[in-house]
Protein chains: 2
Amino acid sequence: MALRHAVLAALLDSDFSGYQLAKAFDVGVANFWHALPQQLYTELAKLEKEGLVAGREVVQHGRPNKRVFTVTGAGVAELERFAAAEPKPTFIRDDLLVKVQAADRVGAGHVVRQLDERAAAATTRIAAFEALLARLRGDQAEDDYLRHGTRIGPYLTCLRGLALERETREWCTGTASVLRAREAAHAEQI
Amino acid sequence: MALRHAVLAALLDSDFSGYQLAKAFDVGVANFWHALPQQLYTELAKLEKEGLVAGREVVQHGRPNKRVFTVTGAGVAELERFAAAEPKPTFIRDDLLVKVQAADRVGAGHVVRQLDERAAAATTRIAAFEALLARLRGDQAEDDYLRHGTRIGPYLTCLRGLALERETREWCTGTASVLRAREAAHAEQI
DNA sequence: TCAGCATACTCAAAAAATTGACTAGTCGCG
DNA sequence: CGCGACTAGTCAATTTTTTGAGTATGCTGA
């Protein structure tokens, strides 16, 4: 019962349809939560049945109509309860870490390549986060925005995403270069 | 089919029983993977049936006997295949991020407290990682160990854990202080 | 013009993770 | 001597997540 809170938090910012939420959960919100479209549709249906969100049909021209959802008062109350409850520990799962853990026992070649790719992907995401942050704060200086800006929540979580991506990039490039140096040294010995 | 690789990677370092693995997955390995004891027992049973690990009974004095597991050749081959495959994207799930995202719409009090607690927990983990890293490299300098040390995999993943915890601590303290300042400013206005 | 992609969603089945309840022996503490 | 904590597991039920397969419509570029 935790995806629901991620959905509610995402809907606080602006109303979304399931499809739009799915996009968000695949890129931006994925920063701190991840879910497939099917889960979101299911969750939205449940939330609506429980009265935590309200859906309304939006007629569109040139594309299928959609149902967008708004958080209700009960939804905000539910988030309030969630905020007061003890948080579950952070949950990280990363294939690359597992591979690096095993890197001295299996061939490191593929792992090095994947580290490079991950570092490149991180660079892209860093740029995206920086652009998003700049857009959120508009023409205000960061300090100013942090003190007086609206929608500080999304800004703060973006800052975290940015820091994580930077850390990821550094670790990936550092680790790749260590593994490469060791492969080279090993090759020399022969 | 991914927990199995985390288990295999953990067993590469030294043989473990299900119980010991459970401990590791609750603290150390939890750095990059998380699993409950039940899952580990189930997974070990499956891995043994498939011949990827071999179990043997260890008779103990003064406590129940245990079964410890070793990775077999087939297990290493399976890890090799896994290392070559495309990695799934990193998967992060964090209640606190969701709460911060919603912090400007629900009471920030609890969230601030939880951020402080998380920062304190991070400090503890940072110390633990530093101690573990020092133990792994023994009397070697870090550069030296990275170039020539054995078991470089665990060392590299620990470095990542350390960096993540440091980032966590910084973000938590920074975010808590931003939210506190805003609460204070808001109180003044009244 | 027509294939492919994007929007917008649904249903069902399988796999994985979580929750909760148990067994059973040992150790130390009061 | 009994109580609680630690070691070392097992079993079953439930919930969550993932995988896979569909339904429609409309726009765009080769």
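Worth knowing before you read on, the calculation uses all heavy atoms, side chains too, and leaves out hydrogens, waters and symmetry mates. So you know, we letter chains A, B, ... as the sequences are listed, proteins then strands, and number each from 1.
Rounded to whole angstrom, the span from the CZ atom of Phe69(A) across to the P atom of dA8(C) amounts to 13 Å. The separation between Asn65(A) atom CG and dT7(C) atom C1' is 11 Å, rounded to whole Å. Rounded to an integer number of Å, the gap from Lys66(A) NZ to dA6(C) P is 17 Å. Distance, Gln60(B) CD to dG9(D) C1': 12 Å, rounded to whole Å.
You'll find that the side chain of Gln39(A) is closest to dT17(D), out of dA8(C), dG25(C), dT17(D). With dG9(D), dT18(D), dT18(C) as the candidates, the nucleotide lying closest to the side chain of Tyr19(B) is dG9(D). Comparing dG9(D), dT18(D), dT25(D) by their closest approach to the side chain of Lys88(B) singles out dT18(D). Ranking dT16(D), dT18(C), dA8(D) by closeness to the Lys46(A) side chain, first place goes to dT16(D). When distances run from any side-chain atom of Ser17(A) to the nucleotides dT18(C), dA24(C), dC9(C), the shortest one goes to dC9(C).
With no hydrogens or angles considered, a side-chain donor-acceptor pair links Thr123(A) and Arg169(A) at under 3.5 Å. Under the 3.5 Å distance criterion, with hydrogens and angles disregarded, no donor-acceptor pair is assigned to the side chains of Thr42(B) and Gln39(B).
Toward the 5' end of DNA chain D, the nearer of the two residues Tyr41(B) and Arg63(A), judged by each one's closest nucleotide, is Tyr41(B). Nearest-nucleotide positions on DNA chain C place Pro37(A) closer to the 5' end than the other of Pro37(A) and His61(B). Comparing Glu43(A) and Gly62(A) against DNA chain D, the residue whose closest nucleotide sits nearer the 5' end is Glu43(A).
Residue Gln38(A) is classed as a base contact, given a heavy-atom separation below 4.0 Å to a base. Contacts of Arg93(B) with the nucleic acid, taken as non-hydrogen atoms under 4.0 Å apart, involve only primed sugar atoms and P, OP1 or OP2.
The side chain of Lys23(A) contributes no N or O atom lying less than 4.0 Å from OP1 or OP2 of dA6(C).
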Set out, in order, the CA-CA distance, both residues' side-chain angles and the distance that settles ring-ring contact (aromatic ring centres under 6.0 Å, His included) for Tyr155(B) and Tyr145(B), then state yes or no.
CA-CA 9 Å; Tyr155(B) 195 88; Tyr145(B) 186 78; 4.8 Å; yes
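Between His34(B) and Phe91(A), the ring-plane angle classifies as perpendicular under the 30° and 60° cut-offs.
The stretch residues 71-90 of chain A participates, sequence neighbours left out, in these salt bridge (charged side-chain N to carboxylate O under 4.0 Å, His left out) pairs: Glu78(A)-Arg81(A), Glu86(A)-Arg113(B).
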